[in-house]
Amino acid sequence: MAHKPSIPKGTRDFSPAEIAKRNHILNTIKGQFQRFGFQPIETPSFENSETLLGKYGEEGDRLIFKILNSGDFISKVDDVTYSSKNSSSLAPKITDKALRYDLTVPFARYVVMHQNEIDFPFKRYQIQPVWRADRPQKGRFREFYQCDADVVGANSLLQEVEFIQLYDAVFTDLGLTGTTIKMNNRKVLSGIAEVIGAQHLLVDFTVALDKLDKIGEGKVKEEMLSKGISTAAIQKANPLFQMRGNAASQLEQLRELLEDSVIGLQGIQEMEEIISAVNTLGLRSAKLELDVTLARGLNYYTGAIFEVSAPEGVAMGSIGGGGRYDDLTGIFGLNDVSGVGISFGLDRIYLVLEELDLFPKSIGQSLQVLCLNFGTEEGLAALKLVSQMRTKGIKADMYPAATKVQKQFKYADKRNVPYVILLGAKELEENCYILKDMASGEQTTFKINDIPAFLLG
RNA sequence: GUGGUUGUAGCUCAGUUGGUUAGAGCGCUUGAUUGUGGUUCAAGAGGUCGCCGGUUCGAACCCGGUCUUCCACCCCA
């Protein structure tokens, strides 16, 4: 007897009810992507290792699933490397492919490879799974879906504005009100690092700063110190820890802090423009917030950085993120193509909607009508009726076996079918069928060729 | 990668200081009801106690390892 089957940790099976809910989210996102003029592409689930490695920082490399080479790969490894038992030197010799880690880097690769066929500015969306060799925890999986929309070849800040609207449109459609789109700007962060004299420690500085609302001012400063940022520098950065109030006043404080930083002021200018445009256009359900401590995201962001957090009261990491990257395609040899994009975390949005009970009730309804089966001859008539309904676009099915009526009704009940049809010997003789409304219990007789209009809607 | 946590029936979980035949609720099957689901009543099926090893006369329970679950850190959607 074989062992109980299992699936790798951090992966999931999806049952019909779950797929229905996931599709609800996917269709919403996809619909808005298309309305905003994005075109779909897909890329392979695995790429050459060199395409991915080194793009996400050291930590990222560790989390990339590497694919073992085929054939007798071990014999090709030289003895020194082999006996060293060092994973990092052995790995490149036995793997040259890796599973996609996100959709942005493969997209950059795609743009470079297809640059001559693409009409710029290129707006693309992409919905595919990505893989990370991470330890699973709440809302964190080793296989999960990203839904990305990016624009490359357009420098205007109005792109950023459009993406904020896109977030708003999707979450509004999903009924998820009260999301917060947090925005920051890499240039502002660079400016701060510059002003306090810690340019070379920009990443360490921002990673620590990002934790402010989570671990508090004291611990953040501790972490900065431990990363080699001087007390004087931290002192200078002090205004950041107190920054409160509306966007305008925060920008004012930043302007003061960054008065000597060209790049910092540029970042402020960008944010001002974006905020002002968004204020003019308005948002339906989300709110835009300036957050100078927002620093997540990968090293390739150069301008705006976005992160969306779930409505207050839902303990969930970010449900979306994105930003501007001026030179992502540069790493693949195509310079001066600016890109900006955002990502929706399907799996996390699912968890949030579930927690807030925001899925439409009708979502699990895979069948509108189930026709019961009373035998060979009746079954044939039933199938004829069902076929007619199907051509009219009604989700109709016939119970496949002529088992006890009770059992068939129970099945209909479980499947959550709103209408059941009875077509037995009696009805067959009289050229009619009985339609039962499962919720009210009411039964109505129809002529065999009549299909009630309310099923067609 | 670090620290902790979990695993017993299809599901949610009890299970005493280690002691005979491991329990409950829900679900499932059958019947009450041979043309009517949800409610009710009755009966029944279903368990290598995650896996491997150890201690013991005896292990679901103690010990070691391993896998898994969930949580936190790192990092991230």
One pair to check against side-chain contact (heavy atoms from CB on, under 4.5 Å): A:Phe374 and A:Leu428. What are the steps and the verdict?
CA-CA 10 Å; A:Phe374 287 93; A:Leu428 194 56; over 6 Å; no
Measure the distance from [atom1] on [X] to [atom2] on [N] and round it to the nearest whole Å.
X: A:Glu307; N: B:C75; atom1: CD; atom2: C1'; result: 12 Å
X: A:Asp134; N: B:G1; atom1: CG; atom2: P; result: 11 Å
X: A:Gln443; N: B:U36; atom1: CD; atom2: C1'; result: 7 Å
X: A:Tyr301; N: B:A77; atom1: OH; atom2: C1'; result: 10 Å
X: A:Gln137; N: B:G3; atom1: CD; atom2: P; result: 16 Å

For [N], the Watson-Crick or wobble counterpart (both distances under 3.5 Å):
N: B:C26; value: B:G10
N: B:C51; value: B:G65
N: B:U40; value: B:A32
N: B:A72; value: B:U2

What's [X] touching, base or sugar-phosphate or nothing? Going by heavy atoms closer than 4.0 Å.
X: A:Gly10; result: sugar-phosphate
X: A:Ser318; result: sugar-phosphate
X: A:Lys138; result: sugar-phosphate
X: A:Gly441; result: base
X: A:Gly60; result: nothing
X: A:Ala402; result: nothing
X: A:Gln146; result: sugar-phosphate
X: A:Val207; result: sugar-phosphate

Would you say [atom1] of [X] has more than 12 non-hydrogen atoms from neighbouring residues, nucleotides or ligands within 6.0 angstrom?
X: A:Lys97; atom1: NZ; answer: yes
X: A:Lys384; atom1: NZ; answer: no
X: A:Glu377; atom1: CD; answer: no
X: A:Phe163; atom1: CZ; answer: yes

Pair A:Phe36 and A:Tyr167, ring centroids less than 6.0 Å apart:
no
When you check every protein heavy atom under 4.0 Å of nucleotides 30-35 of chain B, what one-letter string (B, S, -) results, 5' to 3'?
-S-B-B
Side chain [X] and base [N] donor-acceptor under 3.5 Å:
X: A:Arg140; N: B:C75; result: yes
X: A:Arg415; N: B:G37; result: no
X: A:Arg348; N: B:C76; result: yes
X: A:Lys414; N: B:G37; result: no

Answer yes or no: does a side-chain N or O of A:Lys211 lie under 4.0 Å from OP1 or OP2 of B:C73?
no
For B:U68, does OP1 or OP2 lie under 4.0 Å from any side-chain N or O of A:Lys9?
yes
CA sep, side-chain torsions, deciding dist, call: A:Phe344, A:Phe33, side-chain contact (heavy atoms from CB on, under 4.5 Å):
CA-CA 11 Å; A:Phe344 290 82; A:Phe33 281 177; 3.6 Å; yes
Relative to the 5' end of RNA chain B, which residue comes earlier, A:Arg132 or A:Pro8, by the nucleotide with the nearest heavy atom?
A:Pro8
Member of A:Glu217, A:Glu223, A:Glu222 meeting the salt bridge (Lys or Arg N to Asp or Glu O under 4.0 Å) criterion with A:Lys211
A:Glu223
Taking the six-membered ring of A:Phe141 as reference, does the cationic atom of A:Arg12 (NZ for Lys, CZ for Arg) lie under 6.0 Å from its centre and within 45° of its axis?
yes
